[in-house]
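Computed from a predicted model, the values in this text were never measured in an experiment.
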Amino acid sequence: MMLSFQWFWLALVFYLMSLRGVEAQFPRSCTTPEALQTRECCPPWNGSPCGFSSGRGVCAPHPARDLPKPVDYRVNWPRAFYDSVCTCWGNYDGSDCGQCLPGWRGPQCQQRHHVERKEITDLTDSERETFLSSLHQAKQSPSSRYNILISNDTTVDGNYVFQNTSVYDLYVWMHYYSAKSYAGSENNAAHRGPAFLFWHRVFLLFIEREIRELTGNQDFYIPYWDWTRTNHCNICTNKYFGGVGEDGRIDSASLFSKWKTICPFQESLGIICIRSDASDPTHLIRNPGKDPIYKTLPTAADVEDTMATPLFDTPPFDITSKNSFRSKLEGFQIPSDSRHLNASMHNLVHRYLNGTMSLVPTAANDPIFMLHHSFIDKLLERWLQDHSEATYPESDQVHPAQRAQAYMAPFFPLRTNSYYLGRDTKSLGYSYKEHSLSRSGAGHIKATQAEGRGDCETNVRTKFLEESSASGVQWQWPVLGFFSIVLLCVSVGAAIACKDKRQQTQDAQTEERQSEFDCRSNSLYAVWVKERNESTDKSSCSVDAAFCGEGVESAVNVGMHL
């Protein structure tokens, strides 16, 4: 009897090793020998597969799709591993139909649910602390629902192993899964093509729901980071996501200094999420603005240029697409105000942070990633509201993994890439609240324009408001003092004009020179000049790179893009 039992397990091991390797956020019940043998991923809910007896869903086959051979087995999700998966009915969702669709809640998923995503600096102290502690809890807590699979070459049979993971690391792993280029290609499931924006929308909804279930806080949401309102990483402080030292490590006073990354960068073909050596853990790294090329954030002008693009995507539906909203927002098509960059928008923010966020396999390890993509999603929704006629491209030029009817990998239940195009954020249970600070008072593009005009007063005031908002200091009295000086200058000018109208022109010139002297002698002006000089590319044709004239042509191969 013992011998037979040993032979059974030995045979099972060889069977598992001979299966074509696939990796996904596997539901735990789909990693059993029975599920692997029957090629079914139909987890039970309330006693029946997919909650069938409760009217939630059914275990159904999904159609095979013909793809060119050889092919990376991740392309035809999830055909390489399962022939049947759950199809959920009504408002039910999840790998076992035991969860609710985004925007619904309650035991029978009949109650509407809505959250309003705020800009991160608009959160109250209590909201901010709850959000950050929820992320930390997700990093420390094992996922009770899913395992992940680690594999080597993704085109041939090979060894693999299922692993437990934390809720947050599951999220990290899913991004690596989607972002790793397919064998023999620069393409992947979620970038460099029309699926980019919708894949990341679903990705944020997925981790929001997992954290809600973990914490019990059904109103948990991912805020957004509006990087057009600052010329530096204003959330790279211990109040938010941790200050950084000279070596790029997160300050020890921040809880994020203790976070360790998974899925370190690997150039090797087919390597999927090889963990770092436990004896030499990899920590989060940021060096914002220190890359000599990518030392600036996108501006409000970049955003408006992108939003003015009329077409969602254009042939050949990749990084070379022109006049494509998707390509511009992703950052491959450079606006005319290029500032001599070869990346813009989404890509530029990743590059600017210059560390964990700058490489595809590691990017989602940094929690700033989700706030960045929440803002990208906000811009997508704004564009869709203005372009209700937009459609997902139906073309064989689109990479197979991102075609309209291809299933979005690696999500359960199966959804096509085009599924979410006709569903606005309100139908998905969320919306975006505008930033509380008026853009006219804080946008760093305004400061840039003021520099070009030589308006000293506007420059200092705008910079001062921006810095004060970012740091949370009480700025009302200094601002009042500053405008008192300006008012005094105007009063003196008016008195001079009244005294002798014949010398009005001469006095006005004197007043202008005096105003300039007062402004330049202000300590805030010195700080502004120093920071502007440090952030200005000295190789550019002028101090204000936004007014350098003609932009450079977009480079086709920017390297590693996220």
Side-chain angles (χ1 to χ4, degrees), residues 168-169 171-181 186 188 190-192 196 199-200 203 225 227-228 230-237 240-251 254 256-257 259-268 271 273-274 276 281-299 302 319 327 329-334 338-376 535 537 554-562:
Y168 190 91
D169 285 348
Y171 157 85
V172 174
W173 187 92
M174 289 172 67
H175 184 259
Y176 182 25
Y177 170 88
S178 74
K180 187 71 176 178
S181 295
E186 291 187 350
N188 60 63
H191 307 78
R192 299 169 169 253
F196 165 70
W199 190 97
H200 285 83
F203 189 42
W225 176 38
W227 24 254
T228 68
T230 178
N231 63 1
H232 64 291
C233 183
N234 62 338
I235 57 175
C236 294
T237 67
Y240 293 102
F241 297 99
V244 294
E246 290 298 322
D247 59 354
R249 286 279 299 272
I250 306 300
D251 190 284
S254 168
F256 296 105
S257 66
W259 280 32
K260 299 174 184 177
T261 66
I262 67 167
C263 303
F265 178 65
Q266 294 283 346
E267 288 280 9
S268 304
I271 298 299
C273 200
I274 303 302
S276 59
T282 304
H283 294 83
L284 296 179
I285 298 295
R286 295 189 207 114
N287 291 285
K290 292 185 179 180
D291 186 301
I293 299 177
Y294 308 103
K295 56 185 179 180
T296 182
L297 288 165
T299 67
D302 294 337
I319 65 174
S327 184
L329 186 53
E330 192 169 0
F332 293 108
Q333 188 177 346
I334 315 301
S338 68
R339 302 182 301 284
H340 301 287
L341 299 168
N342 60 0
S344 184
M345 297 297 287
H346 160 265
N347 289 343
L348 179 57
V349 176
H350 279 278
R351 297 286 196 172
Y352 170 86
L353 290 171
N354 191 26
T356 303
M357 271 274 283
S358 300
L359 297 173
V360 170
T362 63
N365 282 286
D366 192 327
I368 291 179
F369 175 97
M370 57 175 55
L371 278 77
H372 169 40
H373 276 276
S374 187
F375 187 51
I376 293 295
S535 63
D537 186 350
S554 169
V556 173
N557 295 318
V558 185
M560 185 72 71
H561 294 281
L562 298 104

Might you point out which heavy atoms bring [X] and [Y] nearest each other, and give the distance in Å?
X: Val244; Y: Gly248; result: CG1-O, 4.1 Å
X: Asp247; Y: Ile285; result: O-CD1, 4.2 Å
X: Tyr352; Y: His232; result: OH-CA, 3.1 Å
X: Ser257; Y: Asp251; result: CB-O, 3.2 Å
X: Glu246; Y: Asn287; result: O-OD1, 4.1 Å
X: Lys290; Y: Gly245; result: NZ-O, 4.3 Å

* **Under the side chain to side chain contact (heavy atoms under 4.5 Å, CB included) test, residues paired with Val172 that sit two or more places apart** =>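 Tyr168, Asp169, Ile262, Ala364, Asn365.
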* In chain order, what residues pass the side chain to side chain contact (heavy atoms under 4.5 Å, CB included) check against Ala179, with sequence neighbours excluded? ->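 Checked Ala179 against side chain to side chain contact (heavy atoms under 4.5 Å, CB included); matches are His175, His191, Val360.
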Mind checking the [atom1]-[atom2] spacing from [X] to [Y]? Nearest 0.5 Å is all I need.
X: Ile376; Y: Phe196; atom1: CD1; atom2: CZ; answer: 6.0 Å
X: Ile368; Y: Ile235; atom1: CD1; atom2: CD1; answer: 4.5 Å
X: His372; Y: Leu353; atom1: NE2; atom2: CG; answer: 8.0 Å
X: Trp225; Y: Met370; atom1: CH2; atom2: CE; answer: 14.5 Å

Are the side chains of [X] and [Y] in touch, meaning some heavy atoms are under 4.5 Å apart?
X: Leu297; Y: Thr228; result: no
X: Phe369; Y: His350; result: yes
X: Ser358; Y: Asp291; result: no
X: Pro367; Y: Leu284; result: yes
X: Asn234; Y: Tyr240; result: no
X: Asn347; Y: Glu330; result: yes

* To do: State which residues pass side chain to side chain donor-acceptor pair (under 3.5 Å) with Trp199; sequence neighbours excluded, sorted by chain then number.
  =>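 Listed in chain order: nothing, the list is empty.
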* For Phe241, which residues count as a ring-ring contact (aromatic ring centres under 6.0 Å, His included) partner, sequence neighbours excluded? ->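 For Phe241 the ring-ring contact (aromatic ring centres under 6.0 Å, His included) partners, ignoring immediate neighbours, are Phe256.
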* Asked: Any Lys/Arg nitrogen of Asp366 or Arg286 sitting under 4.0 Å from an Asp/Glu carboxylate oxygen of the other?
  ->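 So Asp366 pairs with Arg286 through a salt bridge.
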* Please determine which of Tyr176, Tyr177, Phe203 meets the ring-ring contact (aromatic ring centres under 6.0 Å, His included) test together with Tyr171. =>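 Checked Tyr176, Tyr177, Phe203 against Tyr171; only one passes ring-ring contact (aromatic ring centres under 6.0 Å, His included): Phe203.
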* **Side-chain (Thr362) to main-chain (Thr356) donor-acceptor, under 3.5 angstrom** =>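 Indeed, once roles are kept as given, a pair shorter than 3.5 Å links the two residues.
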* When you measure from the side chain of Thr261 to the backbone N and O of His283, does any donor-acceptor pair fall under 3.5 Å? ->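 Side chain of Thr261 to backbone of His283, a donor-acceptor pair under 3.5 Å: no, none is there.
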